[in-house]
Amino acid sequence: WALDGLARLHGDAGRPARVVDLLLDGANLPLDPAPTQEWRRRAAAGALAAGDAERAGELYRAALRRDAKDVAAVQALVGLAHGDDQLPELLGLKRRELGLSDEPARRVALRLDIARLAGLVEERSGRVELLLANLDEAPGDDASIDALCDLLAARSRHAKLADLLAAQA
């Protein structure tokens, strides 16, 4: 394709932004989906290489909107998703990859990672703290006590549960 050659020339000349723009222009042409999707991913990779992780993420998400089964785009987004504020997105991406993977060993590894991430999301959700704040404001609130009992019992935090019930008695 002429587009590939032109993108290579701009890349060799040190114009990564122009490469990204060219690949995006090509990706939006009414052509076969396979090369246009590849151009989308290459544009995203180019943005990342140029230091624009935010734009790379947007472009990979656009690639996924075009092809929900694009494993390469999912894996690239997994690599970009880091930090506590992106745990829910990372969890969703891992679940999506699990649904796309046919390899048993990969599926097992993904489930283990999903379980770990789900635990982190739950820990950081602040449910216990929110329910305890309810009881500080409204001691004896039955709905809050019931929710805390369920949550603490599910986490096998029986000592904390006993302390909570004693304090609310």
Side-chain angles (χ1 to χ4, degrees), residues 17 20 24 27-28 33 36-169:
V20 171
L24 286 177
N28 291 319
T36 59
Q37 190 69 356
E38 174 63 24
W39 290 332
R40 260 184 213 90
R41 285 192 306 269
R42 284 178 49 202
L48 185 59
D52 193 348
E54 185 176 331
R55 185 169 187 205
E58 291 168 6
L59 295 174
Y60 281 123
R61 284 184 201 89
L64 276 177
R65 283 191 297 276
R66 293 284 185 143
D67 179 1
K69 296 181 179 183
D70 189 335
V71 176
V74 171
Q75 291 172 339
L77 281 168
V78 164
L80 289 172
H82 51 79
D84 290 348
D85 60 328
Q86 292 181 316
L87 281 176
E89 180 182 11
L90 185 56
L91 181 59
L93 289 165
K94 291 282 187 172
R95 287 183 173 169
R96 179 180 248 175
E97 186 178 355
L98 176 64
L100 298 173
S101 180
D102 293 330
E103 184 182 325
R106 180 68 183 143
R107 292 174 62 78
V108 167
L110 283 166
R111 283 191 197 99
L112 287 170
D113 206 21
I114 290 167
R116 180 186 64 80
L117 290 169
L120 289 173
V121 168
E122 184 174 314
E123 284 175 20
R124 289 175 171 92
S125 70
R127 289 193 302 170
V128 170
E129 291 76 15
L130 288 168
L131 293 169
L132 288 172
N134 272 1
L135 293 176
D136 285 344
E137 193 169 306
D141 179 65
D142 289 336
S144 296
I145 292 172
D146 289 344
L148 263 170
C149 287
D150 291 344
L151 182 58
L152 294 173
R155 292 182 178 178
S156 297
R157 293 180 61 192
H158 303 294
K160 178 94 172 159
L161 179 57
D163 292 344
L164 166 74
L165 293 175
Q168 293 298 312

Find the distance between [atom1] ([X]) and [atom2] ([Y]) and round it off to the nearest 0.5 Å.
X: Leu152; Y: Ile145; atom1: CG; atom2: CD1; value: 12.0 Å
X: Leu64; Y: Leu93; atom1: CG; atom2: CG; value: 7.5 Å
X: Gln75; Y: Lys94; atom1: CD; atom2: NZ; value: 8.5 Å
X: Leu161; Y: Leu151; atom1: CG; atom2: CG; value: 10.0 Å
X: Leu98; Y: Arg106; atom1: CG; atom2: CZ; value: 9.5 Å
X: Leu135; Y: Leu130; atom1: CG; atom2: CG; value: 11.5 Å

Taking all atoms of both residues into account, what is the closest heavy-atom pair of [X] and [Y], and its distance?
X: Cys149; Y: Leu165; result: SG-CD2, 3.7 Å
X: Ser144; Y: Asn134; result: OG-ND2, 3.0 Å
X: Ser101; Y: Leu110; result: CB-CD1, 4.3 Å
X: Val20; Y: Gly46; result: CG2-C, 3.7 Å
X: Ala68; Y: Leu100; result: O-CD1, 3.9 Å
X: Trp39; Y: Ala27; result: CE3-N, 3.7 Å

Between the main-chain N or O of [Y] and the side-chain N or O of [X], is there a donor-acceptor pair closer than 3.5 Å?
X: Asp67; Y: Ala63; answer: no
X: Arg107; Y: Asp102; answer: no
X: Glu97; Y: Val71; answer: no
X: Arg95; Y: Leu91; answer: no
X: Thr36; Y: Pro33; answer: yes
X: Arg41; Y: Ala73; answer: no

* Pairwise side-chain contact, Arg61 with Glu89, heavy-atom cut-off 4.5 Å (strictly under) -> yes
* To do: For the pair Glu58 and Arg55, find out whether any cationic side-chain nitrogen is under 4.0 Å from an anionic carboxylate oxygen.
  => no
* Asked: Salt bridge between Lys160 and Asp163, side-chain N to carboxylate O under 4.0 Å?
  -> no
